[in-house]
Amino acid sequence: MRLATWNVNSIRSRADRVEAWLQRSDVDVLALQETKCKAEQFPTERFEALGYEVAHVGHSQWNGVALLSRVGLTDVEVGFPGMPWWAKDDAEPVAEARAIGATCGGVRVWSLYVPNGRSLTDPHLDYKLAWLEALRVSAAGWLTEDAEAQVALVGDWNIAPQDDDVWDMAVFANSTHVSPPERAAFAAMVEAGFADVVRPHTPGPGVYTYWDYTQLRFPRREGMRIDFVLGSPALARRVSDARIDREERKGKGASDHAPVVIELAD
DNA sequence: ATGGTTGCACAGCAA
């Protein structure tokens with residue numbers, strides 16, 4: 001089975017590219033982040049025509065996560081248990097569209113769009129850390145229930161866990177994505193039993209999944225590794241290969257993130 | 001070319 005994750009930065013503006021990429025890459029399951037649309041705006045029929053079942057959650061022009069699968073898609077769950085809600089000023093808290101889970105080909109797949117902390121002093125950073133901690137508690141519980149559970153936590157984590165995961169640490173001296181609490185949150189996921197199954201097959205330095213649209217970051221090879229597939233022990237044992245499709249970042253109309261693909265042995 | 005990108009409520013915010 002082939003599984004991929006991709007922050008597409010708007011599914012409506014990227015539908016042609018996603019369709020072409022699906023046909024070229026032949027993946028069985030694709031997790032999408034930043035669909036940036038509401039339910040009725042998602043191009044469900046296009047992907048169904050290619051043989052995929054679709055689950056999506058999106059409430060507005062922000063966030064939005066989806067799963068496409070041609071190996072079954074059951075027990076869809078929007079948001080993980082205990083997922084924090086975002087409370088803007090005095091407004092009512094809302095559950096943002098940042099997590100959707102389903103069972104696809106025997107794997108419990110979660111498409112995740114971890115909140116962007118924005119800056120080290122922004123309330124969004126506290127939200128991000130609380131969100132990650134709640135995810136860790138839930139995910140650790142799944143392994144307590146079943147140590148052999150096949151779980152894939154995939155998506156845009158908005159964390160660069162190692163110095164090699166950004167092109168120049170000096171640029172990020174006072175930035176999110178590399179701060180100790182964010183890295184600790186990522187390490188806690190790993191400690192809970194969820195391994196980065198892509199890095200062993202795509203060692204750095206200089207290996208990234210995201211390049212800012214500005215400042216010619218992509219041609220200058222100035223990127224960040226922030227999109228990850230974290231696998232439970234039973235899933236990690238099945239990973240036979242992984243790649244980051246840097247080619248897909250090229251050309252007009254590319255997302256600022258590249259797809260990340262893993263191969264699972266039967 | 002004194003800016004430099006893209007996407008979405010097409011205006012200013014988010015990434």
Side-chain angles (χ1 to χ4, degrees), chain A residues 5-21 31-43 46 56-66 84-99 111-129 131-132 154-161 165-168 171-179 182 185-186 208-228 244 246-260:
Chain A
T5 183
W6 191 6
N7 179 323
V8 286
N9 185 15
S10 169
I11 190 61
R12 285 177 289 170
S13 67
R14 216 74 63 205
D16 288 347
R17 274 188 91 124
V18 172
E19 180 171 341
W21 186 81
L32 299 171
Q33 298 87 37
E34 279 209 89
T35 58
K36 288 187 168 177
C37 70
K38 300 175 185 180
E40 64 271 22
Q41 298 173 310
F42 193 90
R46 276 188 81 153
H56 168 253
V57 58
H59 306 302
S60 69
Q61 77 273 39
W62 306 122
N63 315 314
V65 284
W85 291 23
W86 170 247
K88 182 189 171 82
D89 302 325
D90 296 329
E92 283 298 304
V94 294
E96 295 189 310
R98 294 182 177 278
S111 180
L112 304 170
Y113 180 44
V114 175
N116 188 312
R118 301 194 181 186
S119 81
L120 295 182
T121 55
D122 194 298
H124 284 89
L125 181 57
D126 300 321
Y127 170 54
K128 176 181 191 174
L129 295 171
W131 199 96
L132 287 162
V154 313
D156 178 356
W157 291 76
N158 270 316
I159 300 172
D165 296 336
V166 298
W167 78 94
D168 181 358
V171 172
F172 291 84
N174 292 299
S175 299
T176 58
H177 294 69
V178 301
S179 75
E182 289 165 276
F186 191 89
Y208 309 122
T209 65
Y210 162 86
W211 300 260
D212 197 297
Y213 283 127
T214 67
Q215 310 292 331
L216 298 173
R217 292 296 186 212
F218 183 65
R220 292 180 193 272
R221 297 181 175 267
E222 297 172 343
M224 305 170 74
R225 190 199 287 255
I226 55 175
D227 300 88
F228 295 95
I244 298 163
R246 190 178 182 282
E247 290 299 306
E248 184 52 43
R249 179 62 178 79
K250 296 180 179 176
K252 188 174 168 60
S255 169
D256 41 5
H257 294 251
V260 179

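Below, chains carry the letters A, B, ... as their sequence lines are ordered, and counting in each starts from 1.
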Q: Please name the pair of heavy atoms, one in A/T35 and one in A/V57, separated by the smallest distance, quoted to 0.1 Å.
A: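 So the minimum-distance heavy-atom pair works out to OG1-O, 4.5 Å.
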Q: Considering every strand and a 4.0 Å limit on heavy-atom distances, what is the contact class for A/Y113: base, sugar-phosphate, or nothing?
A: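 Counting heavy atoms under 4.0 Å across all strands, the contact made by A/Y113 is with sugar-phosphate only.
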Q: In whole Å, what is the span from the NZ atom of A/K128 to the P atom of B/dA15?
A: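 In whole Å, B/dA15 P lies 10 Å from A/K128 NZ.
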Q: Please give the distance between the P atoms of B/dA15 and B/dA9 as a whole number of Å.
A: 16 Å
Q: C1' atom, B/dA1 versus B/dT5: distance in rounded Å?
A: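 The answer is 15 Å between these two C1' atoms.
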Q: Rounding to the closest angstrom, what is the interatomic distance between B/dG3 and B/dC8 at atom P?
A: 27 Å
Q: Base, sugar-phosphate or nothing for A/R118? Non-hydrogen atoms, less than 4.0 Å.
A: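 Here A/R118 touches the backbone only, sparing every base.
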Q: Using only heavy-atom distances, determine whether the side chains of A/E34 and A/N9 contain a donor-acceptor pair under 3.5 Å.
A: no
Q: Here's a test of your reading of the structure: between A/H257 and A/S60, which maps to the more 5' nucleotide of DNA chain B?
A: A/S60
Q: Among A/W211, A/F172, A/Y210, A/Y208, whose ring pair (Phe, Tyr, Trp, His ring centres under 6.0 Å) with A/W167 holds?
A: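 For A/W167, the ring pair (Phe, Tyr, Trp, His ring centres under 6.0 Å) test succeeds with only one of A/W211, A/F172, A/Y210, A/Y208, which is A/F172.
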Q: With rounding to whole Å, what would you report as the distance between B/dT6 and B/dT2 at their C1' atoms?
A: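 Their C1' atoms lie roughly 22 Å apart.
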Q: Can you check each nucleotide of nucleotides 2-8 of chain B against protein heavy atoms at under 4.0 Å and return B for base, S for sugar-phosphate only, - for none, in 5' to 3' order?
A: ---BSBS
Q: Got a salt bridge between A/R98 and A/D156, using NZ or NE/NH1/NH2 to carboxylate O under 4.0 Å?
A: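 No, no charged N to carboxylate O under 4.0 Å.
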Q: Applying ring pair (Phe, Tyr, Trp, His ring centres under 6.0 Å), can you list everything that pairs with A/W85, at least two apart in sequence or on another chain?
A: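 Applying ring pair (Phe, Tyr, Trp, His ring centres under 6.0 Å) to A/W85 gives none.
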Q: Could you check how far CD of A/E40 sits from P of B/dA9, rounded to whole Å?
A: 11 Å
Q: How long is the line joining NE2 of A/H177 and P of B/dA15, in whole Å?
A: 9 Å
Q: Indicate yes or no for a side-chain donor-acceptor contact from A/R17 to the backbone of A/S255 under 3.5 Å, with no hydrogens or angles considered.
A: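 Side chain of A/R17 to backbone of A/S255, a donor-acceptor pair under 3.5 Å: no, none is there.
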